[in-house]
Amino acid sequence: MSKIFGVLGHPLGHSLSPAMFEAAFWQYSMEAEYLKFDLAAEELSSFLQKARTQPIEGFSVTVPYKEDILAFLDDIDGKATAIGAVNTVVNKKGKLKGYNTDWFGAMRALEEVTALEGKRVLILGAGGAAASIVYGCLIAGAKVTILNRSLGKAQELVERFKKLDLVNGLKAATINEILQYPADILIHTTSIGMAPNTDASLVPPEYFKRGMVVFDIVYNPLETRLVKQAKAAGCKVVSGYKMLLYQAEKQFELWFKKKPPMQKMEEALLQALQD
Ligand code: ATR
């Protein structure tokens, strides 16, 4: 019988995960399907109850349920608990265990171009995506500052991670103070600059310095205004789609205990981004 996987979220019209996993299943001739579980919030609990007994072996979790789902799971990995968000579920003989692979995806993408230990990292935004990335940067030994439009949310993230004894100089400030926070690595985690509002960027061009590493997690368009300005200033750029690719790599490993065909998954992802 075909094994069932999928992505849980709402809405899922533009989800890129099916393209990546279908390409991997095809490449390895696996009897597996990857479905879209597009659910309203009130359906979450009954869906998860069914998932325990049906042959749903695992699923990805995306907006808006990455935080809400924690309350319904049987077990949660320590890293996902620390981040406060689950993006991957494994069905272990009827018990649902939650993991977070977003932090891994972001770190893997960054580590292709830079080491993190001891580096000054500036994170723009303080939402769910930022929480995963702050966690990854802290455990890699970076010195992190979080800048957000509302200071309160950035401070909440700082407080969350302080409890974990991971702070290493962790600070919060507002985004309009950006010029006072020079950094080795800049990571943008909000949706500003995403299509159709591609003319927007939170970063004044004079902020960019030659040699700085710049990572914009927005991948639609593949080159945001922020990325174009960073490149023009001589920064090293990390493509946003890589975080998506590498978080999916880790999901595949959690479900199948083996490496996925990364080249095929990357080709499928880039193709889906063009469709
Ligand atoms: P996600 O889970 O994708 O990170 P989120 O939790 O809704 O999404 O977080 C969105 C982030 O984008 C927040 O940091 C938000 O800032 P506030 O906390 O001040 O709301 C930021 N954001 C959204 N719109 C913004 C805008 N127009 N200017 C600056 N920051 C913005």
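From a predicted model like this one, the values you see are computed outputs, not experimental measurements. Atoms within a ligand are numbered from 1 in the order they appear, just like the ligands themselves.
- Using a 4.5 Å heavy-atom cutoff, the side chains of L110 and L116 are in contact.
- Taking a distance limit of 4.0 Å, we find that atom 17 (P) of ligand 1 is approached by some protein heavy atom.
- Summarising the geometry, atom OG1 belonging to T190 is positioned 8.0 Å from atom CD1 belonging to I217; distances are rounded to the nearest 0.5 Å.
- With a 4.0 Å cut-off on non-hydrogen atoms, L202 touches ligand 1 through its side chain and not its backbone.
- Ring centers of F21 and W255: under 6.0 Å apart, within the cut-off.
- Of all the atoms in ligand 1, the ones that sit under 4.0 Å from a non-hydrogen atom of G125 are 14 (O).
- The protein non-hydrogen atom at the shortest distance from atom 5 (P) of ligand 1 is G127 CA, 3.9 Å.
- Using a cut-off of 4.0 Å between Lys/Arg side-chain N and Asp/Glu carboxylate O, K258 and E253 are scored as not salt-bridged.
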- request: Could you give me the CA-CA distance, side-chain angles and deciding distance for E57 and I4, then say whether side-chain contact (heavy atoms from CB on, under 4.5 Å) is met?
  value: CA-CA 6 Å; E57 309 238 340; I4 297 173; 6.0 Å; no
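- Each of the atoms 1 (P), 2 (O), 4 (O) of ligand 1 lies under 4.0 Å from some heavy atom of A129.
- Listed by atom number, the atoms of ligand 1 under 4.0 Å from S150 heavy atoms are 17 (P), 18 (O), 19 (O).
- Any N or O atom pair closer than 3.5 Å counts here, and N148 shares at least one such pair with ligand 1.
- Note on I178: it does not cluster hydrophobically with L151, by side-chain heavy-atom contacts below 4.5 Å among ILVMFWY residues.
- For ligand 1 and A126, the ligand atoms under 4.0 Å from any heavy atom of the residue are 14 (O).
- Remark: the Y219 side chain and the T224 side chain contain no N/O donor-acceptor pair separated by less than 3.5 Å.
- Protein heavy atom in closest approach to atom 2 (O) of ligand 1: G128 N, 3.2 Å.
- Taking only nitrogen or oxygen atoms, main chain and side chain alike, A130 does not reach within less than 3.5 Å of ligand 1.
- Distance remark: protein heavy atom not present below 4.0 angstrom from atom 10 (C) of ligand 1.
- Between V63 and ligand 1, a contact under 3.5 Å exists for no N or O pair.
- V113 is connected to F104 through a chain of hydrophobic side-chain contacts under 4.5 Å among Ile, Leu, Val, Met, Phe, Trp and Tyr, so both are in one cluster.
- The closest heavy-atom contact to atom 20 (O) of ligand 1, among the options K153, H188, R149, comes from R149.
- In summary, of the residues considered (K95, K97, R52), a side-chain hydrogen bond (donor to acceptor under 3.5 Å, both in side chains) with D74 occurs for R52 alone.
- Between F256 and F25, the ring planes are perpendicular. Angles over 60° get that label, and only those under 30° would be called parallel.
- The side chain of I192, and not its backbone, has at least one atom closer than 4.0 Å to an atom of ligand 1 (non-hydrogen atoms only; side chain from C-beta on).
- Residue nearest to atom 21 (C) of ligand 1, selected from T190, L151, I146: T190 (by heavy-atom distance).
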